Amino acid sequence: MSGIIKSEPFTLNIGPQHPSTHGVFRIKVKVDGERIVDAEMVMGYLHRAMEKLAEERTYTQNIPFTDRTDYLASMSNNLGYVLAVEKLAGIGVPDRGNAIRVIMAELQRIASHCMAVGAFTNDTGAWQTPVMWCFRERERVLDLFEMTSGARLTCNYMRIGGVAFDLPREFEPATRKLLADLPGFIDEIEGLLVGNEIFLARTRGVGMLSAETATNFSLSGPMLRGSGIAWDIRKADPYCGYEKYDFQIPIGYQGDAFDRFIVRLEEMRQSVKIVQQALDALPGGPHSTHVPLALRPPAGEAYARVEGPRGELGYYVVSDEGPSPYRFHIRPPSFINLSALKEMTVGGTVADAIVVLGSIDIVVGEIDR
Amino acid sequence: MTPGLEHFLTVGAILFCLGLTIALSKRNAIGVLMGIEIMLNAVNLTLLSFARFGVGHGPVAGQAFVVFIITVAAAEAAVALALAVSVYRNRDTIDVDKLNLLRS
Amino acid sequence: MDGFGVTFAFWVLTGVTLVAALGVLLSRNLLHAVLFLILTFVGMAGYFVLLSADFLGMAQVLIYVGAIAVLVLFAVLLTPRAGRDNGETRMFLPALLLCGTLLAVILFVITDTNWAVSEEPATVSAAGLGEALLSRWVLPFELASVLLTVALVGSIMLVRSREEEAEDPR
Amino acid sequence: MPAFLITNNWYDFRDLGNLSGKLLDLLDDALPFGVVYVIAALLGFVASFVIFVLPSQLFVGVYGERKLIGRIQSRYGPNRVGPFGLLQPIADAIKLMQKEALTPTSADRALMYLAPIVFVAPCVLLFAVIPFGPNMVFADIPVAIVYFLAVSSIPVLTTFMAGWSHNNKYSLFGAMRVVAMTISYELPLVLGMLGVVLFTATLGLQSTVLWQKEMDIWLVFLQPLAFAIFFLGASAELNRTPTDIAEAESEIVAGYLTEYSGMKWGLFYGMDIGYAIAAAAFGVTVFLGGWTFFGLEKWVPPWLIFIGKTYLFYFLFIWTRGTLPRLRIDQLMTFAWKFMLPIALLNLVIVATERMFWVEEKADDSIVYAFALINIIAAAAAIYGWSRALGYRPENTPQKARLVSEAGGFVPVDAHGEGSK
């Protein structure tokens, strides 16, 4: 519609209160007809000064904070933080603890991708059906979390030196049952959406991101892999014994929203594989080493990164030998992935912008911290 | 009072004159177009009432003419609106008073 | 044509149509004018049905309300706010005078003429109309369709932008 | 036909039209001239709208749709209010009436108040021409199909009024979209119906049903292309989900409904369902044999058959809503102009040829079965061929992500679409 008529471009606020911004996030788009000519991101509506608050609390007290950054992947955030502190203080983790951490992180990835895929299809306009199906499976993962940690969303399960509790007896059968069901479910979602012409029309070629642009924006996770770059921290810089597990990195073809979608689906399959292996080879022994409650790591700094569901999730901790970190910084993947939003939306329509936003899979708690 | 031929003709005449007033006096090109549409409609009404009540060519002729007028009106509306949009694009206005490029 | 229903319908329609047409003339907001215009069209369709031209009444609603009015709305929307004023030029009073005179003349002709009114009001079915259009009036019918095609192509050509023309494959 | 079956006596409950006709005749004798028109109009309104449409809206449109969509989405749907949640629509209505109807300060108040009211009227009018049984049709006008198409184009204007009056950008988007979409979808819809009319040589709805009864075949078999076009066009004009771009809650909040609340919104919501039921009734009448069912109508009241078919047709709308994502507006327009319009024209050519052959050769009526076979094959071939011609290549779409075992840099897409290991 644009271009034919000389029209006054007008500004449209998508958000902060909008059904598709996944939280309180705002894009100021300048539209000409339906075509977007300029986009500006406005964030900070959910800012809680987490990084500053963390400087007042002990290392252990900070773990619940990490739950609340990316509230859809609390396990991965816990893991990233405790890895950073362990690196700083030089604390080792028993094998069983590492295996449990891997299981939890991968289950979390499945849960988070369920949410991502569901919300993404909702943004393309599939009226709630895929989202409900995804929620159904995500519920079962959350049930497992509840079983082990007592909480469903903000688990606060990882501890410096291991995990908080050992796995309960009923965990293993329930997980095996879930793992048996999940591939079928992923096939179902694939059958529902990958063969759907409308879904393809809405996502193929939308939000294209070349490999070069993706690296220039320092993207990570499914965003980067969707552009055809095989990069996964679990492979490139293994932690928690990921080098022991056999899995593959799914990558996309041309870097559009559809590629990110199929990459996420495939990642769920790979996660199922990893959990299966970790569960089969679950070592015995303690689940945690003893760490003093008032931990005072030697002065220095440490950066630990994990492959979160949304990408490279990094924690940077500086110690001045005090009981609480001197500096605490998070590298949130969706914040950095979001920086490419303008690149992807300008030139598309408003409807495309929503799809692109959905394909980035943002969590506003993590963006604003 | 049962409406007869004169009633319909009177309504047609009033509408025609209203449409003419609109077409002559509106500043907006789209407004002028609306006046012309009303005039065409009034003519349709007149033709149909003659077809219904009058003697002569029979009712088919009147209705056939109305069909043609509707066709012409549709074509005219499409072209006129395209013109209005095109003029707006080039001149930034569709005020017929300001479209005086020929008057130096 | 007789009966209470027809008379009642006629006067109601007259009221609605004339008020709506006046609304087109008087409303300052172009969008309101368009909506009044639509009401006029609907009233016209009512008249057509009263005159036993059912098919044409329906066609009136379908074409005028469903297509032309929507087209006008589209054009109104495509021209920005400044273009949505429905004001008059200074020709308003002369135009009113002229049209008043014209109306007086026409009304005089209407009342003064002794119209040859047939005793049996005639009706045409849609089938009969179609028959006539494709036999007796086939040449004008074809001409009308040619006209429509020409108008279609012409209006597309008119609203194409230069960029779009440049994009054309040679 | 046995004598005790279809009669024209008033007590023949299989066709309530007899009863009401008898009643009106009696009243016409007793009352002064003209009053019977008013009573007939009221009776038609009560019979078709209050008895059929409103309960359908409530219990099929609101309850049934929510329940079915709930089952599609693997949840229960309404199950709290009343037995099986059956009273949910009534609770909804009460809630809507209690809510305050807000009006933005800068809104065009008159239009904003008028829009929901004007939205209701055409819905009531649409049911006037729908035949529920042999005599159960309120106004069996000879141009019913054109009437239906004409009246169903009015709500679009109301939608536009609603969207424009709010002075809200999202609403304006909705209004623009609905106007653009209607211009595009009216054309193939009318052209598709033209094919049907050419076959049956009538514009009346009752006579269309009778034609199908006489030929013992439903028009959906004779006109599969027209049926597909009708279904897609109707769902586009109704703003049902694969094409609900005017509301598009994930994109433009709620489109033209953004600023409406309370019962004003409720009228839009209810009448949307009303229009969907009207479209379903029209589709059933034209394409699925209306109140006939290959002879079953002698034993079962025809209006029951008709209502059952209507609900089944409406189920199609619910089903698509529960399954499909939404198209973007430009894709929707491209679909209308590049796909549906040529297909509709092709359909028209096929129908005209067949009809010509039928009439000129004075062929036997059973030739319609041959036509049905030809048309179904032609429809499949046309849809497949034309979509291939437009560049539809499903086999080129990757189904699964590429898999790589080692982390590394960029993996270019090679000829086989596989990543290097």
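Letters A, B, ... are given to chains in the order of the sequence lines, protein chains preceding strands, and every chain is numbered from 1. Predicted model only: the values in this text are computed from it and were never measured.
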If you look only at pairs with a residue in residues 58-77 of chain C, which of them pass as a side-chain hydrogen bond (donor to acceptor under 3.5 Å, both in side chains), with sequence neighbours excluded?
B:Asn41-C:Gln60

Rounded to the nearest 0.5 Å, what separation is found between the OG1 atom of B:Thr21 and the CG atom of C:Leu93?
11.0 Å

Chain C heavy atoms under 4.5 Å from B:Ala73: which part of the residue, side chain, backbone, both or neither?
both

With sequence neighbours left out, what residues match B:Glu37 under side-chain hydrogen bond (donor to acceptor under 3.5 Å, both in side chains)?
none

So for C:Leu102, is it side chain, backbone, both, or neither that comes closer than 4.5 Å to the heavy atoms of chain B?
both

In terms of heavy-atom pairs under 4.5 Å, which option from C:Val109, C:Leu143, C:Thr113, C:Val72 contacts chain B the most?
C:Val72

Taking all heavy atoms of C:Trp137 and all of B:Phe65, pick out the closest pair and write down the distance.
CH2-CE1, 4.1 Å

Which is it for B:Gln63 and C:Leu56 under the side chain to side chain contact (heavy atoms under 4.5 Å, CB included) test, yes or no, and what are the steps along the way?
CA-CA 8 Å; B:Gln63 299 213 359; C:Leu56 285 177; 3.8 Å; yes

Please flag which part of C:Leu96 lies under 4.5 Å from any non-hydrogen atom of chain B: side chain, backbone, both or neither.
both

Pick from B:Ile70, B:Leu45, B:Val72, B:Val79 with the largest number of heavy-atom pairs that fall under 4.5 Å of chain C:
B:Leu45

Identify which part of C:Phe48 has an atom lying under 4.5 Å from any heavy atom of chain B, answering side chain, backbone, both or neither.
both

Closest heavy-atom pair and its distance - B:Ala82, C:Ser155:
CB-CB, 3.4 Å

Which atoms of C:Ile63 come close to chain B, meaning under 4.5 Å heavy atom to heavy atom: side chain ones, backbone ones, both, or neither?
side chain

Side chain, backbone, both or neither: which part of C:Leu22 has a heavy atom under 4.5 Å from chain B?
both

B:Ala77 and C:Ile68: which non-hydrogen atoms are nearest, and at how many Å?
CB-CG2, 3.9 Å

Looking at CD1 of C:Ile106 and CD1 of B:Ile14, how far apart are the two atoms once the value is rounded to the nearest 0.5 Å?
10.5 Å

From the list C:Leu103, C:Thr14, C:Leu133, the residue making the most non-hydrogen contacts under 4.5 Å with chain B is C:Leu103

Of the listed residues (C:Gly100, C:Ala59, C:Pro140), which shares the most heavy-atom pairs with chain B below a 4.5 Å separation?
C:Pro140

Atom of B:Thr10, atom of C:Leu107 and distance for their closest heavy-atom approach:
CG2-CD2, 3.4 Å

Of the listed residues (B:Leu48, B:Ile38, B:Thr71), which shares the most heavy-atom pairs with chain C below a 4.5 Å separation?
B:Leu48

To the nearest 0.5 Å, tell me how far B:Met34 CE sits from C:Ile38 CD1.
9.5 Å

Output for pair (C:Leu25 CG, B:Ser25 OG), nearest 0.5 Å, gives 5.5 Å

With side chains defined as the heavy atoms from C-beta onward, is the minimum distance between C:Thr17 and B:Val11 less than 4.5 Å?
no

